[in-house]
Asks: 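Sharing a structure here in structure tokens format.
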Amino acid sequence: MTKIYKAKNKAITDGLNREFAGKIRINGEHSGLHIAVEFIGYRLKMSDKEIFTQHNLEVQFSNEFATGKTGPASNRLILNFAHLSHPENCPGNPTTEENI
């Protein structure tokens, strides 16, 4: 299973870096099934979270993840990528790359 999650992690971090080059900072990419994405110089809004969930990405604002309080309190999202399919394992299903 570790190989699968490493591949998903790489796909999502590569995709985020490609789409938001120079506008994000990624932390925790070696810590498991979640990564923290900090948007440099941008304050998150509730509608930003909805954009990610429309693309099948499970996200929480960092304060929701840490304290359970609802709503944005910073410029950081926590992404869970365990549920995303990967092309090698699930032919025909949306892939991690397509979700980004």
Asks: Applying side-chain contact (heavy atoms from CB on, under 4.5 Å) to Phe39 and Arg25, what does each step give before you reach the verdict?
Replies: CA-CA 7 Å; Phe39 291 82; Arg25 189 171 308 134; over 6 Å; no
Asks: Over all heavy atoms of both residues, which pair between Asn75 and Leu44 is shortest? Give the atoms and the distance, please.
Replies: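 Nearest pair, atom of Asn75 first, then Leu44: C-CD1, 3.5 Å.
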Asks: Taking C-beta and beyond as the side chain, do Glu38 and Leu77 meet within less than 4.5 Å on heavy atoms?
Replies: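 Glu38 does not reach Leu77 side chain to side chain.
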Asks: Quick one: closest heavy-atom pair of Lys45 and Phe61, and the distance?
Replies: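 Smallest interatomic distance, heavy atoms only, reads O-CZ, 3.4 Å.
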Asks: Once side-chain hydrogen bond (donor to acceptor under 3.5 Å, both in side chains) is applied, do any residues pair with Asp48, and if so which ones, sequence neighbours excluded?
Replies: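 Asp48: side-chain hydrogen bond (donor to acceptor under 3.5 Å, both in side chains) contacts with Tyr42.
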Asks: Out of curiosity, Ile35 CD1 to Asn9 CG, how far, rounded to the nearest 0.5 Å?
Replies: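 Ile35 atom CD1 to Asn9 atom CG measures 6.0 Å (nearest 0.5 Å).
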Asks: Are Val37 and Ile78 close enough that some pair of their side-chain heavy atoms sits under 4.5 Å apart?
Replies: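 The answer is no; the side chains never approach within 4.5 Å.
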Asks: To the nearest 0.5 angstrom, please state how far the CD1 atom of Ile40 sits from the CZ atom of Phe20.
Replies: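 If I round to the nearest 0.5 Å, the distance is 12.0 Å.
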Asks: Before you tell me yes or no, could you show the steps for Ile24 and Glu19 under side-chain contact (heavy atoms from CB on, under 4.5 Å), namely the whole-Å CA-CA distance, both residues' side-chain angles and the distance that decides it to 0.1 Å?
Replies: CA-CA 10 Å; Ile24 62 169; Glu19 293 296 319; over 6 Å; no
